[in-house]
Every structure is written in C-alpha cells, then in structure tokens.
Amino acid sequence: MIRLRDDDACPGALQVHRAADGALIRIRLPGGAITAAQLTALAQAADQFASPAMELTSRGNLQIRAITDTDAVAEAVAAAGLLPSPTHERVRNIVASPLSGRSAGRADIRALVPELDAALCDSPALAALPGRFLFALDDGRGDVAGLGPDVGVHAVDADTFAVILAGRDSGVRIAPAATVATLLSVAHRFVEIRGTAWRVSELPDPTVLLDGAAPGPLYPALSCPPVGWITQGDGKVSLGAAVPLGVLRARVAEYLAAIEAPVLITPWRSVLICDLDEGVADTALRVLAPLGLVFDENSPWLRVSACTGRPGCDKSLSDVRADAAAALHDGASGVHRHFVGCPRACGSPAGAEVLVATGNGYQGRHP
C-alpha cells in the first residue's frame with residue numbers, strides 16, 4: 001500500500017472513519033473468533049443502524065459501514081463483549097491459523113490468542129501501537145505467517161517456535177511458553193523507536209527489535225482460504241466458506257449464528273463454522289450454499305477480491321466490486337487478482353496481483 005498520510009487514521013470500533021457512504025467502524029476479532037451471540041448482535045446492529053452488508057477484512061476482522069447511529073452501534077459492540085479495552089481496541093490485531101487444533105498443523109496455538117490479547121490490553125504503553133501493527137500465531141502450516149506480520153511465531157514443531165519479524169524468519173527460536181512475552185517485548189521496543197513508522201518493515205533495520213535476529217527468508221503468501229468439508233481430528237466437521245468479495249449480508253450472518261457453533265473469520269475473507277456433527281454440517285451446507293457462500297475450492301470467487309470502491313469510497317475511480325465480478329472468469333488459473341479504486345490499494349492480499357483503477361481501465365501491479 002502507498003502511504004498518503006503520516007497520521008494513523010485506521011478505523012476502530014470507537015474511532016470512526018467518515019467514508020463517502022457514511023460512518024464506518026472496524027471491529028477487531030483476535031484470531032478471527034466470534035461467538036454465535038456476538039455475530040447475531042453485529043448483524044442486528046448493521047441491519048438496524050447501518051448497511052446490512054458487513055465486510056470481512058484481510059486481517060479477519062469485521063467492518064460495518066453507512067452507519068446512521070454510531071453511538072448505538074458502539075453500544076451494541078460493547079454489549080456483545082467485543083470491546084474489552086477502549087484504549088487498545090485498534091491495536092488488537094492478531095491473526096492465527098484458523099484450523100489450529102482441529103485439523104493438521106504442528107502445534108495447537110488456540111490458547112495463545114486470548115493470552116496475547118489480554119497481555120496486550122494490560123500494557124498501557126502498547127495502546128500507542130499503530131492500528132496497522134500485526135501479530136501472527138502460525139501453527140506451522142504457514143498460512144498466517146505469509147501475511148507479512150510485524151511480529152509473530154511459526155511452529156517448527158510442538159516444542160519450538162520460530163519468531164517472525166517483518167514477515168521473515170528471524171532465525172530466533174523460542175519455547176511456546178515464551179511466545180507472549182517475546183512478541184510483546186518486540187512490540188514495546190517498536191513503540192520506543194518507531195518514529196513515524198507504522199510497520200516493522202519500515203524500520204531501517206528491523207532486527208534491532210529482537211536480540212539475535214538476522215534477516216531470513218520471507219514466508220510465502222497463501223491466497224486461498226480453507227473451504228469445503230473439513231474433517232477435524234476429533235471426527236467432527238468444520239465447514240469453510242468463501243464470502244464473495246468479502247461482503248457478508250446481515251441475513252446470512254444470522255443464518256451462520258443460528259447454527260450455534262464456533263465461527264472464525266479468516267484473513268482470506270472467508271468463514272469457518274467449526275465443531276459440527278456430520279448431520280448438522282450436512283444441513284448447514286444445504287442451507288448456506290444457496291445464500292451465496294462458496295464451499296467449492298475450485299470456484300473463481302476464491303481468486304478475486306476488491307476494495308470497497310465506488311460509491312462507498314470517495315477516493316475510488318471505479319465501482320471495483322462490479323468490475324471484479326464482471327471479470328470473474330477472465331483471470332489466469334491460480335492467479336489471485338485484487339481490484340482497487342486508487343493507488344492506496346486497501347486490503348490487498350499478500351501475493352496477489354493488484355489491479356489499480358486509473359479512470360480508463362486498470363493498471364496491474366504484481367506482488
């Protein structure tokens with residue numbers, strides 16, 4: 001993304017962004033986790049006080065836009081338990097391997113998500129982190145490590161974690177029990193020395209943040225979410241569904257919540273419904289697929305995404321979502337294309353070909 005300003009205007013649940021279509025808020029979901037009751041509360045708030053078309057973000061968060069009553073929506077978010085720290089709500093940017101502990105992976109990192117979130121919120125100094133600073137907990141499969149996190153871990157095995165720095169293997173190895181302390185130490189050091197940098201990658205030498213670190217290889221990007229019928233290690237089922245262009249209608253969200261199962265929003269603008277008995281999974285699949293959720297891993301919807309574009313964004317030069325949908329079957333097989341309305345390239349997935357609107361077609365920008 002091209003930086004066009006030096007102040008951090010990253011929206012949160014309380015810091016409202018004024019878009020062309022009205023007020024917008026972003027609700028952080030550490031690890032992408034949201035309960036059925038919380039999803040219902042957000043869907044009802046969106047339906048009553050905003051656009052019923054909620055948005056999934058490239059960090060596994062949720063956005064509500066075109067809000068007519070920001071106080072009412074903020075109250076709904078807080079009442080649902082999604083605002084544990086008003087001072088830290090924009091810095092709770094934690095991605096985690098969505099299927100960890102359920103299917104594959106080298107280590108179960110699920111317990112680290114709430115531990116890291118709580119410790120982050122307990123540190124007054126870390127409220128000063130930029131809203132773009134990203135923590136990652138990768139269980140070894142290499143999914144969220146490829147998102148270019150500022151700091152994180154990647155499981156080498158169940159007993160050894162590699163520390164990630166600016167999306168790279170730092171060369172430093174730690175025990176799983178040292179994860180939270182190590183990541184917060186890096187974050188504290190970044191706050192102290194960052195100057196105007198928003199991301200660790202913007203520092204002249206990111207390795208100064210971590211003793212013993214040396215520049216290593218970038219973790220490769222993963223562009224396709226886990227979709228379809230996924231058998232868990234315990235015999236139960238997770239259903240993975242892509243959400244076309246990341247637009248989750250409030251009505252569809254309520255159907256998801258009605259299953260009363262754990263839901264995860266992934267950084268690939270998809271959802272996982274977890275811990276289902278086979279009969280429940282089969283029924284859910286039959287109900288949700290006709291509502292527009294995509295369970296086919298070969299669907300072209302898995303290889304296209306877009307920013308908000310017109311009319312929601314006044315900086316956009318095109319209705320990029322309509323353009324992306326129109327070009328759905330035109331791309332080369334396996335190439336993920338992200339359509340954006342201006343050079344800021346908001347929400348660009350790691351590793352994607354970014355197509356930037358020029359007012360006279362699109363100009364490609366390769367990863």
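One is the number of the first residue; the rest follow in order along the sequence.
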Looking just at side-chain N and O atoms, do [X] and [Y] make a donor-acceptor pair shorter than 3.5 Å?
{"X": "Ser238", "Y": "Gln232", "answer": "yes"}
{"X": "Asp205", "Y": "Thr207", "answer": "yes"}
{"X": "Glu55", "Y": "Thr308", "answer": "yes"}

So do the side chains of [X] and [Y] get within less than 4.5 Å of each other, counting heavy atoms only?
{"X": "Ser97", "Y": "Leu137", "value": "no"}
{"X": "Asp117", "Y": "Ile94", "value": "yes"}
{"X": "Cys274", "Y": "Lys236", "value": "no"}
{"X": "Leu272", "Y": "Leu99", "value": "yes"}
{"X": "Leu134", "Y": "Val95", "value": "yes"}
{"X": "Arg303", "Y": "Arg337", "value": "no"}
{"X": "Leu209", "Y": "Leu203", "value": "yes"}
{"X": "Thr179", "Y": "Phe161", "value": "yes"}

Report task. For salt bridge (charged side-chain N to carboxylate O under 4.0 Å, His left out), just list the numbers for Asp139 and Arg106, CA-CA rounded to whole Å, side-chain angles, deciding distance to a tenth of an Å, and then say yes or no. Result -> CA-CA 6 Å; Asp139 69 358; Arg106 297 171 182 161; over 6 Å; no
For residues [X] and [Y], report the shortest heavy-atom separation together with the two atoms involved.
{"X": "Leu264", "Y": "Pro98", "answer": "CD1-O, 3.0 Å"}
{"X": "Ala50", "Y": "Ile64", "answer": "CB-CG2, 3.5 Å"}
{"X": "Ala53", "Y": "Val247", "answer": "CB-CG1, 3.6 Å"}
{"X": "Ala45", "Y": "Ala76", "answer": "CB-CB, 4.0 Å"}
{"X": "Pro349", "Y": "His336", "answer": "CG-NE2, 3.7 Å"}
{"X": "Ala13", "Y": "Ile25", "answer": "O-CG2, 3.8 Å"}

Side chain [X], main chain [Y], donor-acceptor under 3.5 Å:
{"X": "Arg141", "Y": "Ala104", "value": "yes"}
{"X": "Gln38", "Y": "Ile34", "value": "no"}
{"X": "His17", "Y": "Arg26", "value": "no"}

Query - Worked verdict on Thr266 versus Val271 for side-chain contact (heavy atoms from CB on, under 4.5 Å) - result: CA-CA 6 Å; Thr266 82; Val271 296; over 6 Å; no
Query raised in the report: Between Arg102 and Asp108, does a salt bridge (charged side-chain N to carboxylate O under 4.0 Å, His left out) hold up when you go through it step by step?
Result: CA-CA 8 Å; Arg102 292 186 168 97; Asp108 186 348; over 6 Å; no
Query raised in the report: Do NZ/NE/NH1/NH2 and the carboxylate oxygens of Arg199 and Asp150 come within less than 4.0 Å?
Result: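 Judged by the 4.0 Å cut-off on N to carboxylate O distance, Arg199 and Asp150 do form a salt bridge.
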Query - Residues Glu192, Arg189: salt bridge by 4.0 Å N-O rule - result: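 Between Arg189 and Glu192 there is a salt bridge, with a charged N closer than 4.0 Å to a carboxylate O.
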Query raised in the report: Could you walk me through whether Val153 and Asp138 pass the side-chain contact (heavy atoms from CB on, under 4.5 Å) check?
Result: CA-CA 6 Å; Val153 291; Asp138 191 304; over 6 Å; no
Query raised in the report: Hey, what's the ring geometry for Tyr362 with Phe339, parallel, tilted or perpendicular (30° and 60° as the breaks)?
Result: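 Perpendicular: the ring planes of Tyr362 and Phe339 meet at over 60°.
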Requested in this report: Output, in order, the C-alpha distance, side-chain angles, deciding distance and verdict of side-chain contact (heavy atoms from CB on, under 4.5 Å) for Thr182 and Val172.
Outcome: CA-CA 10 Å; Thr182 301; Val172 175; 5.9 Å; no
Query - Arg173 atom CZ: more than 12 heavy-atom contacts under 6.0 Å - result: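 More than 12 heavy atoms, drawn from other residues, nucleotides or ligands, come within 6.0 Å of this atom.
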Requested in this report: Apply side-chain contact (heavy atoms from CB on, under 4.5 Å) to the pair Val227 and Asp296, showing each step before the final yes or no.
Outcome: CA-CA 7 Å; Val227 298; Asp296 178 7; over 6 Å; no
Query raised in the report: Ring centroid separation for His154 and Tyr219, is it under 6.0 angstrom?
Result: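 Yes - the distance between ring centres of His154 and Tyr219 falls below the 6.0 Å cut-off.
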